[in-house]
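Report on the following structure.
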Amino acid sequence: MLEEYGRSFQEGSIQAHKEGSKHWVEDKGPIVESYIGFIESYRDPFGSRGEFEGFVAVVNKSVSARFAQLVSAAEKLIASLPWPSSYEKDSFLRPDFTSLDVVTFSGSGIPAGINIPNYDDIRQSVGFKNVSLGNVLSVSSATEREKLTFLCEGDKDVFNKYRGPSFEVQVGLHELLGHGSGKLFVQDEKGAFNFDKDSVINPETGEHVKSWYKPGETWDSKFSTIASTYEECRAECVGLYLCVNEEVLRIFGHEAQEAQDILYVNWLNMVRAGLMGLEYYTPETGKWRQAHMQARFVILRVLLEAKEDFVTITQKVGADGLPDAQVSLDRTKIMSVGRPAIQQFLQRLQVYKSTADVDSGREMYDGYSKVTDEDPYKFLTLRDIVIKRKEERKLFVQINTRLAGDNVEVLRYDNNPPGMILSVLQRFSNDEEELERSMLELSSSDAFYWEKQDSR
């Protein structure tokens with residue numbers, strides 16, 4: 001695995017990285033987990049070029065045992081998703097699904113969960129791995145009650161109590177059954193199809209399937225700029241759709257009233273995140289800057305469209321006398337209004353993805369992504385409120401390890417800016433001068449591009 005990764009960096013070979021990824025997928029159940037490469041395309045304006053990241057993490061065995069139960073139930077749960085069986089993979093390749101505690105994560109951001117590799121041919125034939133990053137989840141879901149925004153007072157206590165556990169359920173379903181489900185209809189170089197085009201029906205039209213991925217086409221190349229956010233939206237919808245399942249909630253250790261509170265907070269958290277996602281919309285360009293946040297806003301729009309006062313957003317004056325907003329979700333209508341709306345939307349997402357119907361997919365997704373100041377919601381005005389009341393950015397202070405004889409010592413740091421700075425300084429204590437010299441050289445070699453940009 002490491003030899004192939006090294007070759008991919010030395011030669012710029014994508015094929016070498018794919019070979020390394022195959023070895024990684026086949027390495028089942030390691031105690032120490034790692035992956036490295038140019039992986040996610042979220043920040044690429046074209047939605048296809050990967051950004052560098054690498055991580056090292058250790059397995060949380062007790063939480064991973066719950067995820068193993070979810071993997072065991074996966075085939076039955078996937079069969080309950082709202083699309084015909086012909087739109088599902090021919091066989092479910094049972095993946096690793098573990099809870100990891102991050103030791104080091106290098107990149108522009110740290111996700112709560114990962115489903116990789118992103119190569120569709122490997123995912124369809126060899127498989128993939130799911131990981132939930134437990135210590136990232138715990139940081140992400142920690143907010144003091146008085147700093148909770150956009151919720152009514154009656155929701156704040158239950159939200160704070162179950163936000164962490166509900167997010168663990170959502171991440172598990174999102175990664176394993178969201179990204180791990182669904183089939184792409186493909187025609188190979190020899191003209192053969194991986195589906196029966198004479199019998200498979202498009203449930204949206206009632207007619208035979210008329211489009212598919214032709215030789216050389218991939219999900220990313222076909223759906224390009226919306227591929228990442230569209231797929232994140234599909235995975236988030238799978239999480240919402242399946243989190244009402246009692247068996248799923250039992251696997252995660254939740255029953256009776258607690259289970260009902262968990263699923264309520266999961267749905268409430270999603271619509272609140274959709275509202276807060278407006279921070280990542282740029283009115284001047286009409287563009288979204290973050291795939292997951294756009295996806296959650298789209299889901300908010302779908303649930304608002306369901307009517308019957310299932311989800312409501314109201315503008316008001318806050319206790320500080322400044323403009324504020326409140327989002328509410330009627331928990332008594334999750335099964336009667338919310339789930340059917342997600343069911344219909346999720347089927348459309350999958351059908352357009354499976355059939356490479358980029359025109360229908362883009363028209364639908366761009367429509368829900370549109371942000372205007374029209375009544376009744378005035379989303380641009382809400383965006384101003386969201387930005388003025390946005391939460392402080394979370395700090396992810398990473399540990400270091402060092403050898404003391406035959407023992408490994410863990411160096412921990414305070415969860416504040418000085419702790420973060422000390423963590424970085426001590427991580428590179430043996431080669432900090434060489435590192436600084438290399439960074440200055442890189443900065444100098446790239447300076448031409450920034451000067452060129454500034455002169456425009």
Side-chain angles (χ1 to χ4, degrees), residues 14 17-18 21 37-53 81 83 87-89 107-109 111 113-125 128 130 174-187 194 204 209 211-239 274 277 280-282 285-299 301-302 345-371:
I14 292 177
H17 194 269
K18 292 177 75 171
S21 296
F38 295 87
I39 312 302
E40 303 293 356
S41 59
Y42 300 128
R43 284 156 54 96
D44 176 30
F46 293 99
S48 59
R49 293 171 295 189
E51 182 180 14
F52 180 83
E53 69 179 46
L81 290 171
W83 50 75
Y87 284 73
E88 196 48 67
K89 295 182 179 72
S108 63
I114 311 172
N115 178 286
I116 43 181
N118 287 334
Y119 306 113
D120 280 325
D121 52 342
I122 295 178
R123 296 171 64 83
Q124 301 265 342
S125 60
F128 52 89
N130 295 274
H174 173 117
E175 299 296 346
L176 175 65
L177 305 174
H179 293 313
S181 64
K183 179 177 182 175
L184 301 182
F185 295 159
V186 177
Q187 180 184 21
N194 70 341
E204 290 295 308
V209 169
S211 57
W212 47 82
Y213 295 86
K214 296 178 175 60
E217 293 181 339
T218 66
W219 161 248
D220 279 327
S221 70
K222 193 73 175 174
F223 279 72
S224 63
T225 54
I226 66 166
S228 290
T229 182
Y230 188 106
E231 174 60 12
E232 293 305 329
C233 187
R234 195 183 69 88
E236 290 283 48
C237 286
V238 169
Y280 295 88
Y281 176 78
T282 305
T285 62
K287 302 292 185 183
W288 285 86
R289 307 189 310 277
Q290 215 286 339
H292 298 78
M293 293 304 185
Q294 180 180 356
R296 291 160 187 160
F297 177 77
V298 166
I299 292 171
R301 290 286 308 275
V302 170
F345 179 58
L346 184 52
Q347 176 176 276
R348 292 168 71 191
L349 286 170
Q350 182 58 51
V351 168
Y352 297 151
K353 179 182 179 182
S354 290
T355 60
D357 187 355
V358 65
D359 292 336
S360 298
R362 185 178 289 278
E363 181 182 7
M364 176 187 71
Y365 202 78
D366 285 349
Y368 282 122
S369 300
K370 192 175 181 181
V371 179

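Since we're looking at a predicted model, the values are computed, not measured.
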Check: Just checking, is any N or O donor in the side chain of S221 or E217 under 3.5 Å from an acceptor N or O on the other one?
Finding: no

Note to self: Can you tell me how far apart OG (S108) and CD (E53) are? Round to the nearest 0.5 Å.
What the structure shows: 8.0 Å

Check: When you look at CD of E363, are more than 12 heavy atoms from neighbouring residues, nucleotides or ligands closer to it than 6.0 Å?
Finding: no

Notebook entry, point to check: For H292 and Y42, what are the C-alpha separation, side-chain angles and deciding distance, and is it a ring-ring contact (aromatic ring centres under 6.0 Å, His included)?
Noted result: CA-CA 9 Å; H292 298 78; Y42 300 128; 5.0 Å; yes

Next item on the list: Would you indicate whether the side-chain heavy atoms of C237 and Q350 approach each other to under 4.5 Å?
Entry: no

Note to self: Measuring only between side-chain heavy atoms, which start at C-beta, is L346 closer than 4.5 Å to R234?
What the structure shows: yes

Check: Going from CG on N194 to CG on L184, what distance comes out if it is rounded to the nearest 0.5 angstrom?
Finding: 8.0 Å

Checklist line | Heavy-atom pair of closest approach, residues T355 and S211 | finding: O-OG, 2.6 Å

Notebook entry, point to check: Do you know which two heavy atoms are closest between F128 and G180, and how far apart they sit?
Noted result: CZ-CA, 3.5 Å

Note to self: Tell me the closest heavy-atom pair linking E175 and N130, and the distance in Å.
What the structure shows: O-OD1, 2.6 Å

Next item on the list: Please name all residues satisfying side-chain hydrogen bond (donor to acceptor under 3.5 Å, both in side chains) with W83, sequence neighbours left out, ordered by chain then number.
Entry: E88

Next item on the list: Check A295 against Y365 and note the closest heavy-atom contact, atom names and distance.
Entry: CA-OH, 3.3 Å

Checklist line | Nearest-0.5 Å distance that lies between atom NZ in K89 and atom OG in S125 | finding: 11.0 Å

Check: Out of curiosity, I122 CD1 to I116 CD1, how far, rounded to the nearest 0.5 Å?
Finding: 11.5 Å

Item checked: Student check: side-chain heavy atoms of S360 and R348 closer than 4.5 Å -> no

Next item on the list: Could you tell me which non-hydrogen atom of A291 sits nearest to which non-hydrogen atom of T229, and how far apart they are?
Entry: O-OG1, 2.8 Å

Next item on the list: Dump the intermediate steps for ring-ring contact (aromatic ring centres under 6.0 Å, His included) on Y230 and Y352, then the final yes or no.
Entry: CA-CA 10 Å; Y230 188 106; Y352 297 151; 7.6 Å; no

Next item on the list: Begin from the C-alpha positions of Q294 and S228 and carry the test side chain to side chain contact (heavy atoms under 4.5 Å, CB included) through to its verdict.
Entry: CA-CA 10 Å; Q294 180 180 356; S228 290; over 6 Å; no

Check: Quick one: are H179 and N118 in side-chain contact, heavy atoms under 4.5 Å?
Finding: no

Check: Which value, rounded to the nearest 0.5 Å, describes the distance between I226 atom CD1 and E232 atom CD?
Finding: 13.0 Å

Note to self: For W212, does the six-membered ring have the charged nitrogen or CZ of K214 within the cation-pi criterion, i.e. under 6.0 angstrom from the centroid and within 45° of the normal?
What the structure shows: yes

Notebook entry, point to check: Could you go step by step and tell me if L81 and V238 meet the side chain to side chain contact (heavy atoms under 4.5 Å, CB included) rule?
Noted result: CA-CA 8 Å; L81 290 171; V238 169; 4.0 Å; yes

Notebook entry, point to check: Within a strict 4.5 Å, meaning less than it, do heavy atoms of the I14 and H17 side chains meet?
Noted result: no

Next item on the list: Would you check if K353 and W219 make a side-chain contact, meaning some heavy-atom pair closer than 4.5 Å?
Entry: yes

Note to self: Within this structure, what is the OH-CH2 distance for the pair Y281 and W288, rounded to the nearest 0.5 Å?
What the structure shows: 8.0 Å

Item checked: Side chains of M364 and F345 in contact at under 4.5 Å (non-hydrogen atoms) -> yes

Item checked: Non-hydrogen side-chain atoms of K18 and D121 separated by less than 4.5 Å -> yes

Next item on the list: Could you tell me how the ring of Y213 sits relative to the ring of F223: parallel (under 30°), tilted (30 to 60°) or perpendicular (over 60°)?
Entry: tilted

Next item on the list: Run the ring-centre check on Y87 versus F185 and record whether the distance is less than 6.0 Å.
Entry: yes

